[in-house]
Amino acid sequence: MSGLPEQLAENVVQLALRRGFFNPTAEIYRGSAGFYDLGPLGALMKANLVNYWLETFVRQETSFDVYLIDGSLILPFEALKASGHVDKFSDPKAECSRCGRVHRLDQLIEEGLGVKVEGKSIEELQEIVRINDVRCPNCGGELTGFKEHHLMFKLAVGGGEETAFLRPETAQNIFLNFKRIAYAMRAKLPFAVAQVGRSFRNEISPRQSIIRLREFSQMEIELFFSPNRDYSIRDFDDVGDTIIKILTREEQRHGGEAIEIRAKDAVEEGIVPNRFLAYYLAKEVRFFQSLGIPPENMRFRHLLPEETPHYSGGNFDLEVKFSFGWKEIVGNAYRRDYDLTVHSKHSGEDLSIDDNGVKILPHVVEPSFGVERILYAILEHSYLEGMRDWPVLKLPRIVSPMKAAVLPLLDRENLTSKAWEIYTALRKGRRQLYVLFDNRGSIGRRYARADEAGVNLCITIDYQTLQDNTVTVRDRDTAEQVRARVEDLEELIFNDMYRGLEV
Ligand code: GAP
């Protein structure tokens, strides 16, 4: 149990601050809305998450080749003009005439009136505000200054003669590099390109700690394929049997529930537009289940036509149930050939490639993962109270920042030096395990600290260790203790990291 849902978010944020998962940027100057830093534990957890994602979606992918790139964060005006971001990447806003607070208009209306207004023009939104007398939730003041708010951060490069932007998504580097990658790697369709990195959006109202940020990280894949061929995907036979939950457009209109369907059948029945997209939806369900998100807390929402970009063949947001409601953590889109077409046109470079002797512009399926939202989702799903006298962070073992804590039972020279020897061997050993050494305070306090930080195992060095070279190994989740030989510790901790991944 983790207390009342509304308390959970507060507890998680407090724990994150206390234990060094995340905190506002420039906190000593009262921070800056929408910017957060990851602390020592958060940075380790992120590195582990990214590594696990790369393992799952890049390194272990055998259905098609996936190439990883690392592109520039700053992109020139022309590239983002072509992609449509310069002209269309904006949210509607309004200002309170009394307190001056700026609000994101669509969210304000949706939350205040409980109606969806995605895709409506600024004039239509203004009319809804007028008819329903929607006011500033902060002070009740009248709304004014209705306009579109551009979401990109603009930069003056060099002496200011060149305009550029901080990239609003990592995806664009992939499209811009598409032809070079295809030639350099002698790539054959279908193939994918992945990237992990920072994206920037000047959000009107950043909120919920690391959920809506102005600077965040994405893990994105663009999968390129020919729309003219009926592919069989090598691993689809296995992955396609996964049950996925889809909140269909029809169910959304009736206020209904998500349907449960095998990924394979979702394609057969025309709910998901192609096998590649279904393949990723199924892989995502497995990935997040292995990260401790139960299937009942995940659903794919098929975006309504008015929310879907005109070029898209279908968007399916993976939403997770948080303490504050359902929220997207992965955007899945069938972008067709939109990006390659617009970049071909604006750059004058023909981005079509050879597919079995025919020149084509490939179509694209894109899963786009938000790192901070995923970290937060995992933290909320791992936070437990009431199990012990202190909170326990039951993190998925593969992403927990620290794999083990090495603890001398008492702060005595003979125990401490033996513990230090074990700690050093684990850190420098073949598996290079990230373990911590702690000899401060009572053993009970140290167990509590380790539990709160989500440390998988506690290794205690006691007087018996000095006699027979065995230690106690305490499991974070059960608090059970077993005796193990020091020479077995490295493999024991390493294997323990992979527990729970067989979904
Ligand atoms: N290339 C497609 C794309 O960027 P998106 O749905 O706008 O799609 C993908 O973003 C994911 O990035 C989201 O599901 C979310 O996890 C994350 N994300 C988007 N905006 C964010 C923000 N302001 N703060 C934190 N994460 C964000």
Side-chain angles (χ1 to χ4, degrees), residues 22-27 29-38 71-96 99-111 117-122 125-126 136-138 143-158 160 162-173 175-176 195-220 307 309 317 327-329 331 333 339 368-373 375-376:
F22 58 77
N23 55 269
T25 299
E27 201 179 5
Y29 292 100
R30 289 188 297 283
S32 171
F35 297 96
Y36 270 80
D37 291 349
L38 297 181
S72 174
L73 274 58
I74 296 175
L75 294 178
F77 177 89
E78 294 74 24
L80 293 161
K81 174 79 180 164
S83 66
H85 286 93
V86 168
D87 295 325
K88 299 203 188 95
F89 200 52
S90 61
D91 282 333
K93 70 175 170 189
E95 199 181 318
C96 173
C99 71
R101 190 168 284 198
V102 178
H103 300 282
R104 189 169 147 184
L105 194 51
D106 53 343
Q107 269 174 5
L108 195 67
I109 296 174
E110 286 183 9
E111 284 163 13
V117 291
E118 188 84 36
K120 294 219 183 294
S121 70
I122 197 88
L125 295 176
Q126 193 169 349
C136 172
N138 189 39
L143 297 175
T144 174
F146 297 87
K147 61 171 134 166
E148 286 293 337
H149 168 87
H150 201 260
L151 288 168
M152 285 198 294
F153 288 98
K154 197 170 179 178
L155 303 170
V157 175
E162 216 183 289
T163 302
F165 297 95
L166 287 173
R167 67 182 180 196
E169 57 175 4
T170 66
Q172 288 306 318
N173 299 87
F175 300 123
L176 297 168
Q195 189 175 202
V196 178
R198 295 276 185 175
S199 292
F200 303 83
R201 297 183 189 176
N202 195 8
E203 299 281 354
I204 299 168
S205 41
R207 52 173 148 173
Q208 286 156 330
S209 65
I210 60 170
I211 291 288
R212 185 173 294 282
L213 293 164
R214 289 179 165 144
E215 176 179 351
F216 54 99
S217 306
Q218 291 183 310
M219 308 184 283
E220 296 198 296
E307 303 173 280
D317 283 356
K327 185 97 206 153
E328 171 197 349
I329 60 165
D339 303 270
S368 170
F369 298 65
V371 174
E372 289 80 2
R373 284 194 193 172
L375 291 178
Y376 187 85

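For clarity, every value in this text was computed on a predicted model and none was experimentally measured.
When all heavy atoms of Pro92 and Ile204 are compared, the pair lying nearest together is O-CD1, 3.6 Å. Taking each heavy atom of Ala164 and Ile74 in turn, the nearest pair found is CB-CG2, 3.7 Å. Closest approach of Cys99 and Cys96 over heavy atoms only: N-SG, 3.3 Å.
Phe89 pairs by the ring-ring contact (aromatic ring centres under 6.0 Å, His included) definition with His85, not counting sequence neighbours. Residues satisfying the side-chain hydrogen bond (donor to acceptor under 3.5 Å, both in side chains) criterion with Ser368, sequence neighbours excluded, are Glu220. Considering only residues two or more places apart in sequence or on other chains, Glu148 meets the salt bridge (charged side-chain N to carboxylate O under 4.0 Å, His left out) condition with none of them. Every residue meeting the salt bridge (charged side-chain N to carboxylate O under 4.0 Å, His left out) condition with Glu111, not counting sequence neighbours, appears here in chain and number order: Arg207. With sequence neighbours left out, the side-chain hydrogen bond (donor to acceptor under 3.5 Å, both in side chains) criterion links Ser72 to no other residue. Scored by the side-chain hydrogen bond (donor to acceptor under 3.5 Å, both in side chains) test, Lys81 finds Asp87 as partners (sequence neighbours excluded). Checked against salt bridge (charged side-chain N to carboxylate O under 4.0 Å, His left out), Asp317 has no partners two or more places apart in sequence or in another chain. Annotation: side-chain hydrogen bond (donor to acceptor under 3.5 Å, both in side chains) contacts of His149 (sequence neighbours excluded): Lys93. In this view, Ala94 and Leu105, Leu143, Phe146 satisfy the side chain to side chain contact (heavy atoms under 4.5 Å, CB included) rule, not counting sequence neighbours. The side chain to side chain contact (heavy atoms under 4.5 Å, CB included) test applied to Ser205 returns Arg104, Gln107, not counting sequence neighbours. In this view, Thr25 and Phe35, Asp37 satisfy the side chain to side chain contact (heavy atoms under 4.5 Å, CB included) rule, not counting sequence neighbours. For Glu27, the side chain to side chain contact (heavy atoms under 4.5 Å, CB included) test picks out Leu17, Asn23, Pro24, with sequence neighbours left out.
Summarising the geometry, atom OG belonging to Ser209 is positioned 4.0 Å from atom CZ belonging to Phe22; distances are rounded to the nearest 0.5 Å. For the atom pair CZ of Arg198 and CZ of Phe216, the computed distance is 10.5 Å after rounding to the nearest 0.5 Å. Atom CD in Glu372 sits 8.5 Å away from atom CD in Glu215 (nearest 0.5 Å). The CD1 atom of Ile211 sits 7.5 Å away from atom NZ of Lys327, with the distance rounded to the nearest 0.5 Å. Here CG of Leu166 is found 9.0 Å from CG of Leu75. Values are rounded to the nearest 0.5 Å. In this structure, OG in Ser83 is found 9.5 Å from NZ in Lys88, a value given to the nearest 0.5 Å.
By the 4.5 Å heavy-atom criterion applied to side chains, Val196 and Ser217 are not counted as neighbours. A 4.5 Å side-chain heavy-atom check between Ile109 and Leu125 finds at least one atom pair inside the cut-off. Leu213 has its side chain out of reach of Pro206: every pair of non-hydrogen atoms, C-beta onward, lies at least 4.5 Å apart. Looking only at side-chain heavy atoms (C-beta outward), Gln172 and Asp339 come within less than 4.5 Å of each other.
With salt bridges taken as basic N to acidic carboxylate O contacts below 4.0 Å, none links Arg101 and Glu95.
Side chains of Gln218 and Ser199: a donor on one and an acceptor on the other come within 3.5 Å.
In this structure a side-chain-to-backbone donor-acceptor pair under 3.5 Å is missing from Glu203 to Arg214.
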| said: Run Asn173 and Gln195 through side-chain contact (heavy atoms from CB on, under 4.5 Å) and show every step you take. | reply: CA-CA 9 Å; Asn173 299 87; Gln195 189 175 202; 3.5 Å; yes
| task | Report the C-alpha distance between Phe77 and Phe165 in whole Å, list the side-chain angles of each, state the deciding distance to 0.1 Å, and finish with yes or no for side-chain contact (heavy atoms from CB on, under 4.5 Å). | result | CA-CA 7 Å; Phe77 177 89; Phe165 297 95; 3.7 Å; yes
| message | For Glu110 and Val117: C-alpha separation, side-chain torsions, deciding distance, then whether side-chain contact (heavy atoms from CB on, under 4.5 Å) applies. | response | CA-CA 7 Å; Glu110 286 183 9; Val117 291; 3.7 Å; yes
| request: Show your working on side-chain contact (heavy atoms from CB on, under 4.5 Å) between Met152 and Val86 and close with a plain yes or no. | output: CA-CA 8 Å; Met152 285 198 294; Val86 168; 4.1 Å; yes
